[in-house]
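This report concerns only the one structure given below.
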Amino acid sequence: EDPTITAPDDVSVGTDDGECSASGVTLGSPAIDDNCTGANASNDAPASFGIGNTTVTWTVTDAAGNTATATQVVVVTDEEDPTITAPDDVSVGTDDGECTASGVTLGSPTIDDNCTGAHATNNAPASFGIGNTTVTWTVTDAAGNTATATQVVVVTDEEDPTITAPDDVSVGTDDGECGASG
């Protein structure tokens, strides 16, 4: 007669700090029953669980070698936010003949995450007006966790204005005067 086994409830855990896996997961104990004494339970759980769902198979074996199995699911999620450091602030002059700066080189942020797949974006405009513009950098990891950092772009008008004087004027004096008015 085969023994019976009921696996522990499914388990949901986050990754270990700084890691892309979970170790030391508490699985619980299965409920086993057999018509004779001496039944033992074991499982095929790994030492460390990767992100996602892992099925753990529990097996009970009685003293006569009869077996039964049951499964439990361990769900591991990445709940750790990535980190980001924005590039240094940038100071630039306006484009020639323009009151804005385009093609500004912002640099690259420094990002880090416990798992691969993190990427950074920013909200920089195509051209920056005179003054200070704050650029927000956002890093998003594969699990959707985010972090932000800011960078300031300072645009100054360093282009001298131009001036052309009107043409020279020649006039006669006012009647009875030694000068010209109006």
Side-chain angles (χ1 to χ4, degrees), residues 3-34 39-62 67-93 100-156:
T4 62
I5 187 169
T6 302
D9 290 338
D10 293 345
V11 176
S12 294
V13 296
T15 56
D16 296 343
D17 285 342
E19 300 294 326
C20 199
S21 60
S23 60
V25 175
T26 302
L27 298 176
S29 298
I32 61 173
D33 191 34
D34 192 35
N40 292 307
S42 62
N43 66 58
D44 65 353
S48 178
F49 292 85
I51 289 182
N53 296 352
T54 301
T55 300
V56 175
T57 301
W58 288 86
T59 303
V60 61
T61 305
D62 68 13
T67 63
T69 61
T71 59
Q72 171 188 31
V73 176
V74 176
V75 179
V76 178
T77 55
D78 176 10
E79 299 169 0
E80 189 172 333
D81 289 339
T83 61
I84 186 168
T85 302
D88 290 337
D89 293 346
V90 176
S91 294
V92 296
T100 58
S102 59
V104 175
T105 301
L106 298 176
S108 298
T110 302
I111 63 173
D112 190 34
D113 193 36
N114 60 318
C115 298
T116 60
H119 66 281
T121 58
N122 67 57
N123 67 346
S127 66
F128 294 84
I130 291 176
N132 295 353
T133 301
T134 299
V135 175
T136 300
W137 289 86
T138 302
V139 61
T140 304
D141 70 12
N145 301 310
T146 63
T148 60
T150 59
Q151 171 188 34
V152 177
V153 176
V154 180
V155 177
T156 55

- Message: Can you give me the closest heavy-atom contact between Gly28 and Trp58, atom names plus distance?
- Response: O-CH2, 3.6 Å

- What heavy-atom pair brings Thr26 and Val11 nearest, and what distance separates the two atoms? O-CG2, 3.8 Å

- Query: What do the steps show when you test Asp89 against Val154 for side chain to side chain contact (heavy atoms under 4.5 Å, CB included), and what is the final call?
  - Reply: CA-CA 8 Å; Asp89 293 346; Val154 180; 5.8 Å; no

- Query: If you measure from CG on Asn43 to OG1 on Thr55, what distance do you get to the nearest 0.5 Å?
  - Reply: 12.5 Å

- Query: What distance do Ile32 atom CD1 and Thr4 atom OG1 have between them, rounded to the nearest 0.5 Å?
  - Reply: 8.5 Å

- Message: Between Glu19 and Ser21, is the side-chain hydrogen bond (donor to acceptor under 3.5 Å, both in side chains) condition met? List the steps.
- Response: CA-CA 6 Å; Glu19 300 294 326; Ser21 60; 4.9 Å; no

- Message: Pro3 and side chain to side chain contact (heavy atoms under 4.5 Å, CB included): which single residue from Asp33, Val60, Thr67 fits?
- Response: Val60

- Query: How long is the gap from CG on Asp141 to CG on Asn114, to the nearest 0.5 Å?
  - Reply: 7.0 Å

- Query: Donor-acceptor pair, Asn145 side chain versus Asp78 backbone, under 3.5 Å?
  - Reply: yes

- Task: Apply side chain to side chain contact (heavy atoms under 4.5 Å, CB included) to the pair Thr15 and Glu79, showing each step before the final yes or no.
- Result: CA-CA 7 Å; Thr15 56; Glu79 299 169 0; over 6 Å; no

- If you take all heavy atoms of Pro87 and Leu106, which pair is closest and at what distance? CB-O, 3.2 Å

- Query: How far apart are the closest heavy atoms of Ala147 and Pro82, and which atoms are they?
  - Reply: CB-O, 3.2 Å

- Query: Between atom CG of Asp112 and atom CD1 of Ile84, what is the distance when rounded to the nearest 0.5 Å?
  - Reply: 11.0 Å

- Task: Please report the closest heavy-atom contact between Pro109 and Ala86, naming both atoms and the distance.
- Result: CB-CA, 4.4 Å

Under 3.5 Å, which donor-acceptor pairs link side chains of residues 121-128 to any protein atom two or more places apart or in another chain?
unit_1: Asn122; atom_1: OD1; unit_2: Ala124; atom_2: N; d: 2.9
unit_1: Asn123; atom_1: OD1; unit_2: Thr136; atom_2: N; d: 2.7

- Donor-acceptor contact below 3.5 Å, side chain Glu80 vs main chain Gly18: yes

- Query: Of all heavy-atom pairs between Ala39 and Asp34, which one has the smallest distance, and what is that distance?
  - Reply: CB-CB, 4.1 Å

- Query: Measuring from Asn40:CG to Thr59:OG1, what's the distance to the nearest 0.5 Å?
  - Reply: 12.0 Å

- d(Ile130 CD1, Thr100 OG1) to nearest 0.5 Å is 8.5 Å

